[in-house]
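First comes the structure, then the notes that go with it.
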There are 2 protein chains.
Amino acid sequence: MPIKVLIADDHKLFRQGMISLMRTRQDLVEVIGEAETGEEAVQMAEQLHPDVILMDIYMPEMDGLQAAKKIHARFPEISIVMLTSSERDGHLYEAVQVGAAGYLLKSLDADELFDLLKGVISGEPAMTRAIAGKLLKAVANRMVDDEKGEQALTERELFVLRLVASGATNQIIAEKLSISINTVKSHLKSILGKLQLENRTQAATYAMKHGLVMPRDG
Amino acid sequence: MPIKVLIADDHKLFRQGMISLMRTRQDLVEVIGEAETGEEAVQMAEQLHPDVILMDIYMPEMDGLQAAKKIHARFPEISIVMLTSSERDGHLYEAVQVGAAGYLLKSLDADELFDLLKGVISGEPAMTRAIAGKLLKAVANRMVDDEKGEQALTERELFVLRLVASGATNQIIAEKLSISINTVKSHLKSILGKLQLENRTQAATYAMKHGLVMPRDG
DNA sequence: TCAGGGATCACTCTTTCGGGTGAGGCCGGA
DNA sequence: TCCGGCCTCACCCGAAAGAGTGATCCCTGA
């Protein structure tokens, strides 16, 4: 019995390509559905109960990480494998946190993908060595950070940081969050302190590097 | 005789998917090669002389737009169709200027792609109505020639931009380049003008998005 | 109950940005 | 030869940023 796969990706050409590819390995995998948005992915996961969902991150309406979170909460038996072009570490970490069973890049080879899918249904994580290495480092760094007493950013600070990265001035940020510019400065100072940065420009590049911003192109 | 196609995209899975798709229409198209980087695309265009190149924009080493420019200059008979997920207008305009014969989104349907490819080899532009509409508007607004056209940064400006993205202040940049802070300001003003940005923070995120900064571990 | 952290805000002060304007030297194309 | 772009620099000025200090309110955990 082939592995039942749901493909969630907003690029129709990519979906069609994957379907065409998987048709060459009908013994192993069977695409039982496609979703174009995160919303659709959640609905189809409920209706079709696939074994595995190949989920992109950038999708309209609801991104793949949010969709994965919802699906994993309701159907933990479904293995969700993020299949994306994003090499942002932040996306990887978030994927792990929302319960993804794997994180693969679209630069992967099709045969490797098939191999990893075989493992996934028996509970193995689907990821390349490079990705696994990143996770290890992250865990190690997290421990080091904890010992150092380094603090994570609060929700509010993350929000401010995202806006800073978008190029917004403190005044604009204040208006968007309906708070005073003094508060924005206060948050920003806290951000710079926690991340050991010197100015908003460094904060912006930090945010980009760690995938805290979601550009709608790529 | 099928249309000879070269696929340039850094995502192996996407390339394999496209090849698998095109194999279903062997009467119409034949994939004669793949390229993973812009560099490779230029080389393979020279070696293989395809009829059409399906070119992604984001690629390592050299992006698709630069590659298209080089290829078009040397082999104007090759039709270069940008096949990307970028809905950024700037990319579209730039594509037109480097001589691309078409601009398509990956959200396209495979059958539509095949139809458009048929037209391309007889000289028709490959684009959807939505894209064509954008171009019309741009021409009407004289945006292509007047504003979006000349947005190429000079070497000096690129250098300044990279330093801006690293979080350096104008003073620091001036010291690193051994010029006065006034000159740095002058360059930065020019950068902001060309890229239609408002401040250095936006310039920094722009630099990150366009890979102008050397990626570091972290 | 009390300490501590988070979110909010005010006020001051110095530095940095970024716009405006103008200008000189250099170099390559029309 | 002249025009235009590039790189360089200067001065002015208002706006924005960022450091410093202190304060209030709320919530949570020891």
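Within every chain, numbering begins at 1; the chains are lettered A, B, ... in the order of the sequence lines, protein sequences first and strands thereafter. Worth knowing before you read on, the calculation uses all heavy atoms, side chains too, and leaves out hydrogens, waters and symmetry mates.
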If the condition is salt bridge (Lys or Arg N to Asp or Glu O under 4.0 Å), which residues does B/K106 pass it with, not counting sequence neighbours? B/D9, B/D56
Has A/T154 got a side-chain N or O lying under 4.0 Å from the OP1 or OP2 atom of C/dG5? no
Between C1' of D/dC6 and CG of B/L158, the distance in whole Å: 14 Å
Which value, rounded to the nearest 0.5 Å, describes the distance between A/T205 atom OG1 and A/L197 atom CG? 7.5 Å
Could you check whether any side-chain N or O of A/R200 sits under 3.5 Å from a backbone N or O of A/A168, counting only pairs where one atom can act as donor and the other as acceptor? yes
Rounded interatomic separation in angstrom, taking CG from A/L153 and P from C/dG6: 10 Å
Give, for atom OG1 of A/T84 and atom CE of A/M55, the distance between the pair rounded to the nearest 0.5 Å. 11.5 Å
Listed pairs, N/O of protein and of nucleotides 25-30 of chain D, under 3.5 Å:
none

For a quick test of reading the model, state the closest non-hydrogen atom pair linking B/E40 to B/A35 and the distance between them. OE1-CA, 3.5 Å
Please report the interatomic distance CG(B/L153) to NZ(B/K194), rounded to the nearest 0.5 Å. 5.5 Å
Salt bridge (Lys or Arg N to Asp or Glu O under 4.0 Å) filter on B/E46, not counting sequence neighbours, yields B/R74
OP1 or OP2 of C/dT8 sitting under 4.0 Å from any side-chain N/O of A/S180? no
Can you check the B/I191 CD1 to D/dC6 P distance for me, whole Å? 12 Å
Can you tell me how far C1' of D/dA16 sits from CD1 of A/I173, to the nearest Å? 12 Å
In terms of relative ring orientation, are B/H49 and B/F75 parallel, tilted or perpendicular, with 30° and 60° separating the classes? perpendicular
Looking at the side chain of A/T183, which of D/dT8, C/dT8, D/dC6 is the nearest nucleotide? C/dT8
Please output the side-chain donor-acceptor pairs of residues 183-191 of chain A that fall under 3.5 Å, not counting sequence neighbours, one pair per line with the distance.
| from | atom 1 | to | atom 2 | distance (Å) |
| --- | --- | --- | --- | --- |
| A/T183 | OG1 | A/S180 | OG | 3.3 |
| A/S190 | OG | A/E157 | OE2 | 2.6 |

Classify every nucleotide of nucleotides 11-30 of chain C by which part a protein heavy atom approaches to under 4.0 Å, writing B for the base, S for the sugar-phosphate alone and - for neither, in 5'-to-3' order. B-----BBSBB---------
To the closest 0.5 Å, what do you measure between CG (B/L108) and CZ (A/F14)? 15.5 Å
Taking the side chain from A/Q66 and the backbone from A/M62, do they hold a donor-acceptor pair closer than 3.5 Å? no
Between the two ends of the helix from C/dT1-D/dA30 to C/dA30-D/dT1, what is the bend in degrees, rounded to 10 degrees, where each end axis spans five pairs? 40°
Rounded to whole Å, the CD-P distance (B/E175 to D/dT8) equals 16 Å
Nearest-angstrom distance from the residue atom NE2 of A/H187 to P of C/dG6: 11 Å
